[in-house]
2 protein chains.
Amino acid sequence: MRPTVHDIAAAAGVSLATVDRVLNQRPGVRLVTREKVEAAIRQIGYIRDVAAANLAKGRVYPLVFIVPTGDNSFMHGLRLEVHHATLRASIERTDIRIVEVPAFDVPSLVAALDALQGQNIAGVALVATDAPEVRAAVDRLVSERIPVVTLVSDLTDSARHHYAGIDNIAAGRTAARLLGRFLGGREGDITVLAGSMLVRDHRERLQGFSAVMAEEFPKLRLLPVLEGRDDPERTKTLISKALSERKDIIGIYSLGAGNRGLIAALKAVRPERELTVVVHELTQHTRAALVEGTIDAVLNQDAGHEVRSAIRVMKATADGQAVIADQERIRLDIFLKDNLP
Amino acid sequence: MRPTVHDIAAAAGVSLATVDRVLNQRPGVRLVTREKVEAAIRQIGYIRDVAAANLAKGRVYPLVFIVPTGDNSFMHGLRLEVHHATLRASIERTDIRIVEVPAFDVPSLVAALDALQGQNIAGVALVATDAPEVRAAVDRLVSERIPVVTLVSDLTDSARHHYAGIDNIAAGRTAARLLGRFLGGREGDITVLAGSMLVRDHRERLQGFSAVMAEEFPKLRLLPVLEGRDDPERTKTLISKALSERKDIIGIYSLGAGNRGLIAALKAVRPERELTVVVHELTQHTRAALVEGTIDAVLNQDAGHEVRSAIRVMKATADGQAVIADQERIRLDIFLKDNLP
DNA sequence: CGATTTTTGATGTACGTAAATCAAAAATTT
DNA sequence: AAATTTTTGATTTACGTACATCAAAAATCG
């Protein structure tokens with residue numbers, strides 16, 4: 001049987017009330033007594049029953065998710081997953097609020113973060129735009145002892161407690177190797193399509209991609225990065241133009257969202273041009289394109305996992321509990337047409 | 001505020017005791033009253049507070065894991081993960097027993113399963129050997145209302161409640177496409193190395209692999225399957241022999257365990273022979289070989305996830321609760337040297 | 001030393017559910 | 001209608017923790 005507060009009291013030779021004062025850091029305990037109790041806790045290996053404690057406290061975790069607006073499929077899916085989490089709110093004792101801010105808009109994000117100061121909040125999760133102002137706002141919340149988790153895209157040098165997202169450098173490297181190997185020893189040009197170089201995840205993917213390309217596939221030449229701003233129309237125009245101008249493009253890496261436009265452009269040149277294509281984010285569009293053979297591989301991060309992980313981490317951090325690092329690692333999924341879920 | 005049993009009682013116009021009788025299926029309630037209470041439960045959307053219920057019941061979940069002996073790295077890792085789970089036992093209210101049985105030994109497995117009959121057990125997880133006798137033994141436990149989960153390898157046509165493992169046909173197909181694409185349009189022989197065709201996961205991987213090879217890579221010829229019985233020594237001999245006899249082998253798919261022998265054989269022919277190799281299970285050996293470039297891709301199932309998922313499913317099933325299918329899907333991990341965890 | 005402050009103990013209530021007991025009411029049988 | 005059985009209600013205790021209150025004991029101060 002697992003030890004309880006009564007066992008600590010008996011072991012330390014003090015009353016239940018004193019144990020309670022020590023456990024919950026209430027005042028009115030002499031240092032010697034406190035140490036005696038803490039020793040007993042360690043010695044008998046007491047672990048607080050969080051379920052019982054939460055029951056007694058009637059605890060709920062007010063959580064805030066700050067997510068960008070915009071109609072690309074990935075962010076839409078992310079918002080949907082947060083919404084799903086709200087449906088489990090009562091059984092998970094969470095109270096989730098979703099705050100939407102314009103994508104890549106630093107002042108709005110900072111304002112949204114600052115609005116949370118002083119509020120009774122058990123945790124904040126945000127898709128970070130990587131700017132010093134955002135870092136400062138996050139650090140203000142952290143200094144108020146509010147757990148902060150970055151989601152999908154991380155924040156450089158900030159004091160955020162946790163990052164719930166994939167390793168984007170590794171993702172870029174993986175994309176490069178897949179593309180390079182799939183192209184056999186062929187020689188030609190590679191086009192990289194990004195959303196915006198203002199977000200850290202896109203920059204890191206490019207960094208990893210470029211590194212492996214340079215190291216291992218010298219016959220493949222990287223063309224200047226196209227920025228599609230995650231917008232299907234713009235992306236389609238950019239890609240169509242690139243494909244018609246440069247006949248030696250044999251591979252494409254799309255590291256952002258807005259792949260609808262890319263797929264449309266590819267279909268327009270379909271049987272004549274043979275292209276090897278690796279993209280990010282599994283959506284209904286990329287899935288269909290993968291099945292048809294328009295694209296060759298999809299790298300994906302599971303938004304549902306990220307949201308659930310962020311919630312677990314915020315709750316644990318709010319309770320001062322350790323997180324199981326291994327369980328919270330967000331993995332890079334690689335989908336070929338054969339292992340689609 | 002979330003509704004409680006008191007709210008049901010008030011809504012249904014009955015006493016707390018009657019609500020309790022209905023909720024816990026105790027006798028002594030007229031049909032009409034029962035229906036009245038159930039209507040009230042549905043109407044106000046009552047959800048039992050599992051934490052409070054478990055606290056009141058002092059519930060623990062006695063779980064049994066039946067895993068094969070044998071010293072291959074994967075099963076060793078699996079046993080380790082179960083062991084880790086026992087360390088979390090007190091906070092998860094589980095009481096986990098590990099039963100080891102000789103690998104591929106049907107009578108032993110059946111005996112281990114039958115020994116559980118009539119015992120107070122909240123769930124059984126087993127690595128199934130796919131035989132009718134095992135199926136029958138599992139079905140006996142299921143008919144005793146004991147939750148049963150297959151782990152890693154599934155059991156054909158059985159009544160097990162859940163399978164905690166990857167889709168092995170998809171894994172085989174994925175391996176084929178990776179190998180085929182990595183080989184560009186080259187022509188040559190492919191060797192498949194299995195542990196044993198007696199386990200369903202190996203059979204399914206081969207099935208998926210063969211299908212994609214036949215459909216999509218006609219220039220690659222499959223040689224007869226080698227059975228290494230997951231034994232490093234035997235595997236090394238088999239592979240070395242095959243490589244020296246057939247000079248046109250250009251690719252290897254190892255779908256079982258015991259890759260130590262394979263890696264040794266590959267290193268022996270290293271710089272001269274250029275081989276593209278895809279294997280299963282990430283272990284210290286396969287990881288090192290991947291980093292060095294001796295092998296090209298590792299397909300993996302995360303044993304830790306499988307064990308944790310199995311536990312969640314057994315607990316939920318024991319409580320008659322629904323499982324979140326999406327969360328319990330075990331994914332196929334694809335590792336290149338760039339995205340190792 | 002007595003007076004004052006600080007520390008500790010004893011006790012009770014609460015959280016939401018489970019489970020038991022006993023009495024009362026209702027339904028069923030004779 | 002009485003006797004019997006079944007159903008329902010009322011009440012209590014328990015799970016492990018949190019939190020509040022009040023009294024008692026110990027420590028510190030003047």
Side-chain angles (χ1 to χ4, degrees), chain A residues 1-38 40-41 44-61 89-93 95 122 315 318-321, chain B residues 1-38 40-41 44-61 89-93 95 122 315 318-321:
Chain A
M1 263 295 139
R2 175 173 174 181
T4 74
V5 279
H6 294 83
D7 301 316
I8 306 176
V14 299
S15 77
L16 221 57
T18 301
V19 173
D20 179 67
R21 287 177 186 118
V22 173
L23 278 176
N24 296 292
Q25 293 152 116
R26 272 186 262 278
V29 184
R30 267 191 307 164
L31 188 63
V32 279
T33 318
R34 157 160 284 126
E35 281 168 351
K36 202 164 60 176
V37 173
E38 281 164 352
I41 290 175
I44 67 176
Y46 168 82
I47 304 162
R48 185 197 244 104
D49 184 330
V50 184
N54 282 344
L55 177 60
K57 279 194 284 212
R59 185 148 178 40
V60 289
Y61 300 83
S90 77
I91 72 173
E92 292 183 346
R93 296 179 170 278
D95 175 17
K315 288 172 77 172
D319 289 340
Q321 296 227 298
Chain B
M1 262 295 139
R2 174 171 174 184
T4 74
V5 280
H6 294 83
D7 301 318
I8 307 176
V14 299
S15 77
L16 221 57
T18 301
V19 174
D20 180 67
R21 289 178 185 116
V22 173
L23 279 176
N24 296 292
Q25 294 151 117
R26 275 184 259 278
V29 184
R30 268 190 308 164
L31 189 63
V32 280
T33 318
R34 158 160 281 125
E35 281 168 351
K36 203 165 59 177
V37 173
E38 281 164 351
I41 290 175
I44 68 176
Y46 169 81
I47 304 162
R48 183 196 246 107
D49 183 331
V50 185
N54 283 344
L55 177 61
K57 279 194 283 214
R59 185 146 178 42
V60 290
Y61 300 84
S90 77
I91 72 173
E92 291 183 346
R93 296 178 170 278
D95 175 17
K315 288 172 76 170
D319 289 339
Q321 296 226 297

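Chain letters run A, B, ... following the sequence lines, proteins first and then strands; every chain starts at 1. Quick caveat, the model's predicted, so the values are computed rather than measured. These values consider heavy atoms only, across backbone and side chains, with no hydrogens, waters or symmetry-generated copies.
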Between A/R48 and A/L23, which heavy-atom pair has the shortest distance, and what is it? NH2-O, 3.4 Å

For the pair made of CD1 in B/I8 and P in C/dA18, what is the distance, rounded to whole Å? 10 Å

Select base, sugar-phosphate, or nothing to describe what B/V14 touches, counting heavy atoms under 4.0 Å on all strands. sugar-phosphate

Whether the side chain of A/R59 engages the backbone of A/R93 through a donor-acceptor N/O pair (distance < 3.5 Å, no angle test) should be reported. no

Grab the CZ-P distance between A/R21 and D/dT17 for me, whole Å please. 17 Å

Distance below 4.0 Å between B/T18 side-chain N/O and D/dG9 OP1 or OP2: yes

Taking the nucleotide of DNA chain C with the nearest heavy atom to each, does A/R34 or B/V5 sit closer to the 5' end? A/R34

From D/dT17, C/dA10, D/dC19, nucleotide with atom closest to A/H6 side chain: D/dT17

Assign each of B/R30 and B/G58 to its nearest nucleotide of DNA chain D by heavy atoms, then name whichever residue's nucleotide is nearer the 5' end. B/R30

To the nearest angstrom, the CG-P distance between A/L16 and D/dT17 comes to 9 Å

Mind checking if B/D20 touches a base, just sugar-phosphate, or nothing, with heavy atoms under 4.0 Å? base

Consider the side chain of B/L55, meaning its heavy atoms from C-beta on, and name the nucleotide among D/dT21, D/dG16, C/dA18 that approaches it most closely. D/dG16

Closest heavy-atom pair and its distance - A/Q25, A/R34: CA-NH2, 4.4 Å

Please give, in whole Å, the distance from D/dG16 P to A/R2 CZ? 9 Å

According to a strict under-4.0 Å criterion, is A/S15 in side-chain N/O contact with OP1 or OP2 of C/dG9? yes

Students often get this wrong, so: under 4.0 angstrom with heavy atoms, is A/A53 touching a base, only sugar-phosphate, or nothing? sugar-phosphate

In whole angstrom, what separates B/N54's CG from C/dA18's P? 9 Å

I want to check one thing: is the phosphate of C/dA19, taken as OP1 and OP2, less than 4.0 Å away from some side-chain N or O of B/R26? yes

Heavy atoms from C-beta onward define the side chain here; which of D/dA14, C/dA20, D/dG16 lies closest to that of B/A56? D/dA14

Of the listed nucleotides C/dA19, C/dG16, D/dC19, the one nearest the side chain of B/T4: C/dG16

Taking all non-hydrogen atoms of both residues into account, name the closest pair between B/I44 and B/A11 and its distance. CG2-CB, 4.3 Å

Under 3.5 Å, side chain of A/K315 to main-chain N/O of A/E92, donor-acceptor pair present? yes

Need to verify one output field. Residue with the more 5' nearest nucleotide on DNA chain D, B/G28 or A/R48? B/G28

d(CG, A/L31; C1', D/dT28) in whole Å: 16 Å

Nearest whole angstrom, please: distance from the P of C/dA19 to the CG of B/L23. 11 Å

Rounded to whole Å, CG of B/D49 lies from P of D/dG16 at a distance of 16 Å

For the pair A/N54 (side chain) and A/A51 (backbone), establish whether a donor and an acceptor sit closer than 3.5 Å, ignoring hydrogens and angles. no

